[in-house]
Amino acid sequence: MRIAVTGSIATDHLMSFPGRFADQLLPDQLEQVSLSFLVDELDIRRGGIAANICFGMGSLGKESVLVGAVGDDFADYRSWLERHGVDTASVHVSELRHTARFLCTTDQDQNQIASFYAGAMSEARSIELRPVADRIGGLDLVVISPNDPEAMIRHTEECRTRGIPFAADPSQQLARMDGTDVRKLIDGAAYLFTNEYEKALCEEKTGWSGEEILDRVGIRVTTLGAKGVAIDRKGEKGLHVPGTPVPKVVDPTGVGDAFRAGFLTAIAWGLPLERAAQVGNNIAAHVLEAAGPQEYRLGRQEFLDRLTEVYGEEAAAEVAPHLSCPNP
């Protein structure tokens, strides 16, 4: 099953300030703030939703095609992704802009001052999917994850025109898009991924009820945090798959991306929806236990042992023949 994942590719620059921002702000001088904070730490993490999903799929042994826009500063990141099983040959490299960046400084009270530079991501709207499909001999599924809004709509419309099944994953972009655009993104999707809040926002923005959305999508997947995931299909009883317990959460960044990676990989293996959700929940738990969306390592036996512990021996036995984690 040939899967292309479209969406953001970015790096996060995370800094820690040992003091309090509030102590540096003078109430009578707020109209002319000019401050510089000497930080103690700088943590650079690879990220971007499409890149996170592809990395997760590669960690399970499933190659996917990453489709997005970056700057000419992407070389090291490209090498990292390719070493983890990601096809990056369809990534557009801007001649003018740098790869998207998120820069954030956090003080001792967990207050944050941040900036997001979209950079090359704005050029994703120029990417056409036809050459991607031609290069790899066709596409069986295209994931439309958060990206430049015009790019998301263009990719969705091209999938409809060319008859390519697509998965709608609008998440963060739901807040800034109007109802017309949200309807364009989800109508006709083979899969619709959201969390609980985004599920309600989809219905509010589109003006469609939950039943009306099920009339327009194949499978609706709603992540429920620690409670697991709900899967709905028109005319069928809903399915709830409990989450994988996590003793200590280190960082929630990228957990939804990891779930999608596991779910889509299991679908590509030909496993049923329940197993797909279990694989997704399992890899999501690994991400929660690491600091960063691509800082976890999957070991094959450890992954199967955890699957057995939470979902039983039958689940692990069905997954085992397909699982080919790079690590033992």
Side-chain angles (χ1 to χ4, degrees), residues 2-13 44-59 62-102 116-136 139-159 162 164 166-174 176-177 181 185 189 193 253-254 256-258 260-261 264-265 292-294:
R2 293 156 298 189
I3 299 176
V5 183
T6 72
S8 62
I9 305 166
T11 55
D12 298 340
H13 294 243
I44 300 177
R45 297 178 184 169
R46 305 170 187 91
I49 292 174
N52 291 342
I53 293 173
C54 288
F55 176 87
M57 295 179 73
S59 296
K62 170 62 181 170
E63 185 180 67
S64 56
V65 180
L66 177 61
V67 180
V70 299
D72 63 5
D73 54 346
F74 182 61
D76 287 347
Y77 197 172
R78 183 192 296 276
S79 177
W80 164 266
L81 290 170
E82 289 178 346
R83 285 191 290 112
H84 289 86
V86 180
D87 179 337
T88 67
S90 292
V91 172
H92 167 79
V93 180
S94 170
E95 297 179 357
L96 302 173
R97 300 175 176 88
H98 292 295
T99 303
R101 281 177 173 78
F102 175 67
F116 181 77
Y117 169 71
M121 192 174 79
S122 63
E123 297 183 20
R125 66 187 67 176
S126 68
I127 298 173
E128 193 164 358
L129 297 176
R130 172 72 179 273
V132 180
D134 289 346
R135 180 176 66 82
I136 65 172
L139 287 168
D140 299 302
L141 183 71
V142 174
V143 182
I144 315 292
S145 70
N147 199 357
D148 173 75
E150 289 189 32
M152 296 172 71
I153 292 171
R154 174 175 183 170
H155 297 334
T156 302
E157 291 178 342
E158 186 177 353
C159 283
R162 301 191 185 282
I164 304 171
F166 66 94
D169 177 23
S171 58
Q172 292 119 323
Q173 295 294 27
L174 279 173
R176 65 169 290 168
M177 302 181 94
D181 285 343
L185 289 179
F193 291 98
T253 306
D257 307 336
R260 287 150 175 75
L264 293 166
T265 297
Q294 295 181 29

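- Looking only at distances, no side-chain donor or acceptor of Thr265 sits under 3.5 Å from a matching main-chain atom of Lys62.
- At distances below 3.5 Å, not a single donor-acceptor pair connects side-chain atoms of Gln173 with backbone N or O atoms of Pro146.
- For the pair Ser79/Arg83, a side-chain contact is recorded, criterion being any heavy-atom separation below 4.5 Å from C-beta on.
- Rounded to the nearest 0.5 angstrom, Asp140 CG and Ile164 CD1 are separated by 9.5 Å.
- The shortest heavy-atom contact between Ala120 and Ala69 is O-CB, 3.1 Å.
- By the 4.5 Å heavy-atom criterion applied to side chains, Asp169 and Ile53 are counted as neighbours.
- Checked options Leu81, Asp87, Thr6; the residue passing with Leu66 is Leu81 (criterion: side chain to side chain contact (heavy atoms under 4.5 Å, CB included)).
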### Task
List the steps and the verdict of side chain to side chain contact (heavy atoms under 4.5 Å, CB included) for Met177 and Ile153.
CA-CA 11 Å; Met177 302 181 94; Ile153 292 171; 4.0 Å; yes

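- Annotation: side chain to side chain donor-acceptor pair (under 3.5 Å) contacts of Arg78 (sequence neighbours excluded): Thr88.
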### Message
Checking Ser8 against Asn147 for the side-chain hydrogen bond (donor to acceptor under 3.5 Å, both in side chains) test, could you report, in this order, the C-alpha distance in whole Å, the side-chain angles of both residues, the deciding distance, and whether it holds?
### Response
CA-CA 5 Å; Ser8 62; Asn147 199 357; over 6 Å; no

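- Residues meeting the ring-ring contact (aromatic ring centres under 6.0 Å, His included) test with Phe102, sequence neighbours left out: none.
- The backbone N or O of Thr11 lies less than 3.5 Å from no partner atom in the side chain of Arg46, so there is not a single donor-acceptor pair.
- A donor-acceptor pair under 3.5 Å is formed between the side chain of Ser122 and the backbone N or O of Gly119.
- Arg130 CZ: 12 or fewer foreign heavy atoms inside a 6.0 Å radius.
- If you take CG on Leu139 and CZ on Phe166, they are separated by 14.0 Å, rounding to the nearest 0.5 Å.
- Checking side-chain atoms of Gln294 against main-chain N and O of Arg45 turns up no donor-acceptor pair under 3.5 Å.
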#### Entry: Stepwise side-chain hydrogen bond (donor to acceptor under 3.5 Å, both in side chains) check, Glu82 with Tyr77
CA-CA 9 Å; Glu82 289 178 346; Tyr77 197 172; over 6 Å; no

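- No donor-acceptor pair closer than 3.5 Å links the side chain of Arg97 to the backbone N or O of Glu95.
- Across all their heavy atoms, Ser145 and Gly7 have their closest contact at OG-CA, 3.4 Å.
- Within a 6.0 Å radius of NE2 in His98, other residues, nucleotides and ligands contribute 12 heavy atoms or fewer.
- In terms of the side chain to side chain donor-acceptor pair (under 3.5 Å) criterion, Gln172 has no residue partners (sequence neighbours excluded).
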### Message
Could you go through Glu158 and Ile127, starting from their C-alpha distance and side-chain angles, then the distance that decides it, and tell me whether this counts as side chain to side chain contact (heavy atoms under 4.5 Å, CB included)?
### Response
CA-CA 11 Å; Glu158 186 177 353; Ile127 298 173; over 6 Å; no

#### Entry: Derivation and outcome, side chain to side chain contact (heavy atoms under 4.5 Å, CB included), residues Val143 and Arg260
CA-CA 10 Å; Val143 182; Arg260 287 150 175 75; over 6 Å; no

### Task
Would you check, one step at a time, whether the test salt bridge (Lys or Arg N to Asp or Glu O under 4.0 Å) holds for Arg101 with Asp73?
CA-CA 11 Å; Arg101 281 177 173 78; Asp73 54 346; 2.8 Å; yes

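- One distance of note links CG of Leu185 with NE2 of His155; it measures 11.0 Å at 0.5 Å rounding.
- Taking every heavy atom of both residues into account, Leu129 and Cys159 meet most closely at CD1-SG, 3.8 Å.
- No more than 12 heavy atoms of other residues, nucleotides or ligands shown are found within 6.0 angstrom of CG on Asp76.
- Using a 4.5 Å heavy-atom threshold, the side chains of Val65 and Val5 count as separate.
- For the atom pair Ser126 OG and Glu150 CD, the distance stands at 11.0 Å (nearest 0.5 Å).
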#### Entry: Worked verdict on Ile44 versus Asp12 for side chain to side chain contact (heavy atoms under 4.5 Å, CB included)
CA-CA 6 Å; Ile44 300 177; Asp12 298 340; over 6 Å; no

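- Here Ile144 contributes atom CD1 and Thr156 contributes atom OG1; the two are 4.5 Å apart, rounded to the nearest 0.5 Å.
- The shortest non-hydrogen separation linking Ala100 to Ala118 is CB-O, 3.3 Å.
- Ring geometry, Phe55 versus His84: the interplanar angle falls from 30° to 60°, so the pair is classed tilted.
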### Task
Could you walk me through whether Arg162 and Glu157 pass the salt bridge (Lys or Arg N to Asp or Glu O under 4.0 Å) test, one step at a time?
CA-CA 9 Å; Arg162 301 191 185 282; Glu157 291 178 342; over 6 Å; no

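- If you take CE on Met152 and CZ on Arg125, they are separated by 13.0 Å, rounding to the nearest 0.5 Å.
- Asn52 contributes a side-chain N or O that, together with a main-chain N or O of Gly48, makes up a donor-acceptor pair within less than 3.5 Å.
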